[in-house]
Amino acid sequence: MESAMISSSKVSHARSTNQWLPSDLKPQVLCPGKVRKTHGACTKNLASMRVRCENREDSPLEMDRRRLLLTSSTLGVSAFTGGKAMAKPFPVPDLSKCMYPTDLPTCATVEGGCCPPFKEGETVVDFKFPTSLPMRTRKAAHLADAELISKYDKALTLMKKLPLDDPRSFLQQGRVHCAYCNGGYKVGSDTVQIHKSWFFAPFHRWYMYFYERILATLIEDDTFALPFWNWDTEEGMPIPDMFTVNCSSLYNNNRDPCHQPPVRINLAAPKSCDSGDVSANYATIYSHMVSAAGTAELFHGAAVRYDDGETTTLSAGALESSPHNLVHLWGGSPGNPNREDIGSLYSAGKDPLFYTHHSNVDRMWYIWNNKLGNKNYEDKDLMETPFLFYDEKKQLVKVKAGDCYDISKLRYQYQDRELPWLNKGRSLKKAGQLIAKPKTSTFEKAVDGKAKNLLSPLTFKVERPNKSPGKGQVEILKIEGVETDRRVFSSFEIFINYPEANSSTPFNSPHYAGSFSTLGHGIMTEGSMKSTTTKETFKVGISETLEDLGIQNDDEIVVTLIPKSAKDLATYPITIASITIDYVSK
């Protein structure tokens with residue numbers, strides 16, 4: 001079968017006429033009725049959006065119909081779901097003991113498990129930086145020309161035709177998240193988990209690197225580079241056209257049918273059948289890239305160390321929490337039990353859009369370093385942590401987390417694009433409505449260590465121990481004991497000195513400090529149910545917000561938390577234990 005080669009002119013024509021969209025997916029029509037699941041009971045999607053490509057035996061839709069779980073070539077190490085704080089780098093998990101994933105959402109189907117095709121005694125070699133590869137440029141997907149679209153479609157078609165036990169196959173590539181986010185590996189007594197810690201960014205950078213190199217090798221073109229979903233610009237906010245042509249290998253039918261182009265992604269409060277506000281999107285990107293993310297810990301997440309006997313408190317960084325998590329949620333199908341595919345961790349790799357999304361997440365990290373001048377962790381416990389991947393030659397390769405810091409050594413770069421959120425983000429916030437300073441005596445103190453259910457907006461006064469932090473010090477709002485249900489999406493927003501804030505308060509408000517979000521992925525073990533909750537600490541930088549509000553010399557501030565997942569709160573509440581202020585060096 002010939003691969004569908006899609007030109008940019010055809011895509012543009014299709015977009016304007018909607019000829020390539022089945023009638024129930026056209027953006028100008030109302031969404032058909034959908035049946036959502038109730039946790040604990042599976043409900044079939046009665047408005048299935050399956051569309052079959054005529055005479056296309058290798059259609060990705062047919063792969064889905066046969067319930068083939070996409071899986072990964074990645075054999076990496078990462079943070080534990082609840083492990084020890086560490087005094088040395090994590091060891092590589094024993095691949096011969098990979099198990100059926102223990103942490104899965106209700107109703108998840110993982111046929112065959114998520115383990116890679118590892119063979120006992122397989123040779124592992126150390127990664128060597130490529131010296132003969134040309135410098136490759138990753139380009140914005142919505143600007144892709146016919147040549148790039150054709151190359152990617154051909155490469156992915158070939159990847160999907162590989163034998164399923166080939167570690168380079170799309171089936172194996174998709175197992176990355178399933179194995180490493182859903183309990184496929186253990187080190188000691190702990191389940192390996194690459195989210196909510198400092199492993200998030202380097203793990204995914206290596207993951208995208210090997211996925212890209214496999215695709216390039218399949219089409220024998222070392223200049224091929226993975227495009228990025230440029231959701232940080234207005235014109236790039238819709239799903240890129242190349243992923244919406246239903247007879248392309250880049251297509252996946254398990255996406256929200258109401259979020260077809262030209263609908264923009266919503267980074268404020270993603271839900272079905274919505275379109276994002278550009279100003280609000282810019283404001284939240286700015287907050288999570290700049291004002292709330294001025295240190296390595298704030299941006300990358302908590303340090304997680306191996307086996308020093310102390311308890312680790314997980315904490316997602318700004319890079320992971322938003323927009324990353326919100327893009328996943330927005331893209332998933334509301335008709336599936338867990339918003340599969342891209343909307344759930346175990347199934348996200350089944351959608352080609354996932355890799356282009358993570359290409360932009362990686363680009364955000366590059367921008368944070370090279371455009372904003374921030375520094376990464378230099379801790380050996382992170383930098384020496386090894387990951388294992390199958391490369392383009394099916395060789396099992398060991399890499400180190402710190403070796404991917406300089407992408408020029410990996411021989412790729414990013415197309416230079418304008419950063420409107422950087423130019424407009426703070427000005428949008430400062431231009432928003434400034435509310436009069438509230439009386440702090442009206443509110444109780446937030447520091448008591450007792451769990452408080454975030455069933456509706458909560459407001460507390462928080463003492464500032466130091467009104468004049470030293471040069472280079474970043475003031476941090478630390479929210480401890482954030483307990484959420486692992487089966488559902490949980491989110492709350494943070495506003496300072498604005499107790500009247502509610503779920504409709506815009507992000508382009510000077511009082512907005514940041515937001516917390518976590519993707520739900522459930523907990524289920526073979527034969528028994530583990531605790532469905534997870535507890536972590538969330539930190540957000542507030543120095544710039546205090547300055548914009550003119551309250552940097554106040555003794556106390558008023559903090560309001562606003563939950564966004566209101567419909568699930570009664571059944572799956574968010575709780576917090578305390579809110580304090582801390583100071584750290586950049």
Side-chain angles (χ1 to χ4, degrees), residues 76-86 89-90 177 180-181 190-208 284-285 287-306 310-328 345 358 361-362 364-369 372 374-385 387 401-402 404-405 474 476-484 486 490-492 494 513-519 521 534-542 582 584-586:
V77 166
S78 253
F80 285 39
T81 55
K84 317 291 187 191
M86 309 138 217
F90 273 99
H177 264 206
Y180 286 93
C181 304
D190 293 300
T191 305
V192 173
Q193 167 61 266
I194 54 85
H195 290 85
K196 298 184 179 181
S197 77
W198 60 5
F199 294 116
F200 173 78
F203 180 87
H204 285 89
R205 175 167 284 180
W206 281 119
Y207 180 14
M208 295 304 107
T284 191
I285 294 170
S287 294
H288 288 83
M289 285 289 291
V290 183
S291 61
T295 71
E297 181 182 12
L298 292 175
F299 185 74
H300 285 288
V304 182
R305 309 178 191 281
Y306 182 65
E310 296 179 7
T311 301
T312 293
T313 300
L314 295 180
S315 179
L319 177 65
E320 178 184 353
S321 182
S322 179
H324 164 263
N325 282 348
L326 299 175
V327 174
H328 273 281
L345 294 177
H358 266 276
V361 172
D362 182 72
M364 291 293 104
W365 178 16
Y366 171 81
I367 291 169
W368 188 78
N369 284 149
L372 304 181
N374 295 298
K375 295 181 179 179
N376 299 314
Y377 279 111
E378 298 293 336
D379 193 309
K380 288 186 177 180
D381 286 354
L382 167 63
M383 299 180 71
E384 296 294 322
T385 291
F387 305 133
C404 71
Y405 279 9
V474 176
I476 293 175
L477 191 69
K478 183 165 64 174
I479 306 173
E480 296 182 283
V482 181
E483 188 168 324
T484 59
R486 300 178 71 176
S490 298
S491 177
F492 60 80
I494 305 163
S515 58
F516 167 91
S517 67
T518 180
L519 280 176
H521 71 149
T534 182
K535 187 176 290 186
E536 59 188 286
T537 294
F538 183 66
K539 300 179 181 181
V540 58
I542 61 171
D582 199 1
V584 298
S585 299
K586 285 189 176 183

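All values derive from a computational prediction rather than experimental measurement.
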Stepwise side-chain contact (heavy atoms from CB on, under 4.5 Å) test for H195 and Y180: CA-CA 9 Å; H195 290 85; Y180 286 93; over 6 Å; no
Can a donor-acceptor pair be found, under 3.5 Å and without considering hydrogens, that links the side chain of S197 to the backbone of G301? no
At their closest point, which heavy atom of S315 faces which heavy atom of T537, and how far apart are they? OG-O, 2.5 Å
What are the two closest heavy atoms between A293 and W368, and how far apart are they? O-NE1, 2.9 Å
Just checking, any donor-acceptor pair under 3.5 angstrom between side chains of N376 and W365? yes
Can you check whether A513's main-chain N or O pairs, donor with acceptor, with S287's side chain at less than 3.5 Å? no
Donor-acceptor under 3.5 Å (E297 side chain, A303 main chain): no
Out of curiosity, F200 CZ to R205 CZ, how far, rounded to the nearest 0.5 Å? 11.5 Å
Measure the shortest side-chain to side-chain distance between T484 and T534 over non-hydrogen atoms and say whether it is less than 4.5 angstrom. yes
Between NZ of K196 and CD of E320, what distance do you get to the nearest 0.5 Å? 7.5 Å
Side chains of I494 and I479 in contact at under 4.5 Å (non-hydrogen atoms): yes
Closest heavy-atom pair, P89 versus K380, reported as atoms and distance to 0.1 Å, is CG-O, 3.8 Å
Pair Y207-F387, side-chain contact (heavy atoms from CB on, under 4.5 Å): steps then yes or no: CA-CA 10 Å; Y207 180 14; F387 305 133; over 6 Å; no
What are the two closest heavy atoms between Y405 and L382, and how far apart are they? OH-CD2, 3.4 Å
Relative to each other, are the rings of F90 and F199 parallel, tilted or perpendicular (30° and 60° limits)? perpendicular
N325 and L519: which non-hydrogen atoms are nearest, and at how many Å? O-CD2, 3.7 Å
Hey, does H204 have a side-chain heavy atom less than 4.5 Å from the side chain of V361? no
Under the 3.5 angstrom rule, does the side chain of S491 hit a backbone N or O of F516 as a donor-acceptor pair? yes
Quick check: does any side chain N or O of H300 sit under 3.5 Å from a backbone N or O of A296, one acting as donor and the other as acceptor? no
Working note: H324 + L319, criterion side-chain contact (heavy atoms from CB on, under 4.5 Å); need CA distance, chi angles, decisive distance, verdict. CA-CA 7 Å; H324 164 263; L319 177 65; 5.9 Å; no
Would you give the length of the straight line joining atom CD of E480 to atom NZ of K539, rounded to the nearest 0.5 angstrom? 7.5 Å
To the nearest 0.5 Å, tell me how far C404 SG sits from M383 CE. 9.0 Å
Backbone N or O of N374 within a donor-acceptor pair of the N369 side chain at under 3.5 Å? yes
Just do the side-chain contact (heavy atoms from CB on, under 4.5 Å) check on Y377 and F299 with the steps written out, would you? CA-CA 10 Å; Y377 279 111; F299 185 74; over 6 Å; no
When you measure from the side chain of T518 to the backbone of S490, do you find a donor-acceptor pair of N or O atoms at a distance under 3.5 Å? no
